[in-house]
Q: 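Sharing a structure below in structure tokens format, with a few things to ask.
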Amino acid sequence: RGEPAVTAAPGLVGTGTFALSKARVLPIEMVAAAWAATGLVLLMLGIGRSRVGQRMQGYALLSLSALGTFDQLHKQFITPTDLAWWSALVVGLMYTSAWLARSARTRTQDSALLVGFVSALATLVFAVLQSHVLANLQIGPAWAATGIALLTIGLQRQAADLRWQSYALFGAAALHTATPALEPADPSTAAIVWLLAVILALYVCGSIVRRTAASARAAGAELPIDDVAGAIALLGATGLLSALITQQVRPSATTLVLGLQGLGLMLGGLVTRERILRLSGLALLLACILKLFLYDLRELEALARIVSFVILGLSLLAISWTYTRYREQIRKFL
């Protein structure tokens, strides 16, 4: 499978010369795309002819094209429209190269880290591109949407690197979307709506990842990173929703709404058989009880206190009755 150094060295020199000539001859906006296209061609030739050197040159050119795109996005030599199109082309070529390398790994025996590095570079370039061409409020949701796509492909193709990239994007999306929605000043309606959309994505994707990890564990395989990432997504979504409620709901109704969130989490945890949701809901209800006795009794007006106590008490009674009435069925979920 290997190739002699005496034949690989001229190829390396030729590839480097070819890349430099493109940088000299082509317009600046086309250079990174040309490097990525050449990298893809070298990768295809290296796979077809079992040439390690050609594949390594392809990986190197793909990495160089990512660096060139980062430089263009940072310095913005060209118009935003041209910048977006050429950068998107680089992303597409890099993802295509990663897909091709991943599909041929059983033949080429290339390192999974190397293949994952190419796809991670493509994801990073795509995320930076989104941050340059989209409005500030749209960046977080766009990252979350990209994370959903990568997670779907990663689960279908059992590609761990794509799943890890999606987890990183979810974290970045949550932080970026929460910043304008949770600021002390009045946030816009759009900021709140986008944050709610990201929270929903975290709940759904976290539950799917946790279920996938549980299925793998039952089959004798372990996905510890995915299991932890799913748990963090669920806890993060709960924390963001609680923070949004605390920030946006008037003080007299905060305890009531948080209690309803806790009740919803417990019911959702029973339906989805997700222990983290049940425990989060129970912790939130206990926190509401403490808040009632330690804060609301002194600070809230009489009507607000009465309503909060009544609603929270009815919720706790409903949980107690449900557990007593359907104890055996609930134990199966637990």
Side-chain angles (χ1 to χ4, degrees), residues 136-141 143-144 147 167 169-207 210 229-272 274-319:
N136 186 59
L137 290 180
Q138 299 172 345
I139 295 172
W143 288 347
Y167 304 148
L169 279 176
F170 283 133
L175 291 174
H176 194 282
T177 312
T179 301
L182 299 179
E183 60 186 9
D186 250 0
S188 65
T189 303
I192 295 174
V193 170
W194 283 127
L195 179 57
L196 289 173
V198 171
I199 289 172
L200 178 61
L202 288 175
Y203 272 128
V204 173
C205 293
S207 298
R210 291 271 295 174
I232 292 174
L234 294 177
L235 293 174
T238 299
L240 286 175
L241 184 55
S242 300
L244 183 61
I245 291 172
T246 304
Q247 183 79 13
Q248 295 301 316
V249 176
R250 65 178 185 271
S252 60
T254 299
T255 304
L256 173 60
V257 179
L258 288 175
L260 292 176
Q261 180 194 357
L263 182 61
L265 286 172
M266 291 195 67
L267 293 176
L270 289 173
V271 172
T272 60
E274 180 52 65
R275 189 165 183 262
I276 287 181
L277 290 180
R278 297 193 300 273
L279 293 178
S280 299
L282 182 60
L284 203 53
L285 286 173
L286 293 176
C288 289
I289 293 173
L290 290 175
K291 184 174 181 294
L292 273 174
F293 284 101
L294 298 179
Y295 177 81
D296 293 350
L297 277 176
R298 294 177 302 168
E299 302 295 333
L300 296 184
E301 57 189 29
L303 181 59
R305 289 200 305 267
I306 293 171
V307 172
S308 297
F309 269 101
V310 169
I311 299 297
L312 189 58
L314 289 175
S315 299
L316 293 174
L317 286 174
I319 293 172

Q: I'd like to know whether Leu196 forms a side chain to side chain contact (heavy atoms under 4.5 Å, CB included) with Leu241, so could you lay out the CA-CA distance, the side-chain angles of the two residues, the decisive distance to 0.1 Å, and finally the verdict.
A: CA-CA 8 Å; Leu196 289 173; Leu241 184 55; 4.1 Å; yes
Q: Which residue pairs satisfy the side-chain hydrogen bond (donor to acceptor under 3.5 Å, both in side chains) criterion with at least one member in residues 190-207, sequence neighbours excluded?
A: Tyr203-Thr238
Q: Tell me every residue that passes side-chain hydrogen bond (donor to acceptor under 3.5 Å, both in side chains) with Thr254, counting only those two or more places apart in sequence or in another chain.
A: none
Q: If you look at every heavy atom in Gln248 and Pro187, which pair is closest and at what distance?
A: NE2-CG, 3.2 Å
Q: As an exercise, state the distance from CG of Leu267 to OG1 of Thr272, rounded to the nearest 0.5 Å.
A: 10.5 Å
Q: Looking at every non-hydrogen atom in both residues, tell me the closest pair between Val198 and Ala144 and how far apart they are.
A: CG2-CB, 4.3 Å
Q: Within this structure, what is the CG-CG distance for the pair Leu137 and Leu195, rounded to the nearest 0.5 Å?
A: 11.0 Å
Q: Rounded to the nearest 0.5 Å, what separates atom CG in Leu285 from atom CD in Gln261?
A: 9.5 Å
Q: Ignoring hydrogens, what is the shortest heavy-atom contact between Ala191 and Ala181? Give both atom names and the distance.
A: O-CB, 3.7 Å
Q: Can you confirm whether Val249 sits close enough to Leu258 that some side-chain heavy atom of one is under 4.5 Å from a side-chain heavy atom of the other?
A: no
Q: Excluding sequence neighbours, so at least two apart, what forms side-chain contact (heavy atoms from CB on, under 4.5 Å) with Ala229?
A: Tyr167
Q: Over all heavy atoms of both residues, which pair between Leu235 and Ser280 is shortest? Give the atoms and the distance, please.
A: CD2-OG, 3.5 Å
Q: Hey, does the side chain of Arg278 reach the backbone of Gly269 with a donor-acceptor pair shorter than 3.5 angstrom?
A: yes
Q: Do you know the tightest heavy-atom contact between His176 and Pro180?
A: O-CD, 3.1 Å
Q: Is any side-chain heavy atom of Leu240 less than 4.5 Å from a side-chain heavy atom of Leu202?
A: yes
Q: Looking at Gly147 and Phe170, what are the two nearest heavy atoms and their distance?
A: C-CZ, 3.6 Å
Q: Distance from Thr177 atom OG1 to Ile192 atom CD1, nearest 0.5 Å?
A: 13.0 Å
Q: Please report the interatomic distance CG(Leu234) to CG(Leu265), rounded to the nearest 0.5 Å.
A: 9.5 Å
Q: Please round to the nearest 0.5 Å and tell me the distance separating atom CD of Gln247 and atom CD1 of Ile245.
A: 12.0 Å
Q: Any chance you could lay out the side chain to side chain contact (heavy atoms under 4.5 Å, CB included) test for Ser242 and Leu284, step after step, and finish with the verdict?
A: CA-CA 9 Å; Ser242 300; Leu284 203 53; 4.0 Å; yes
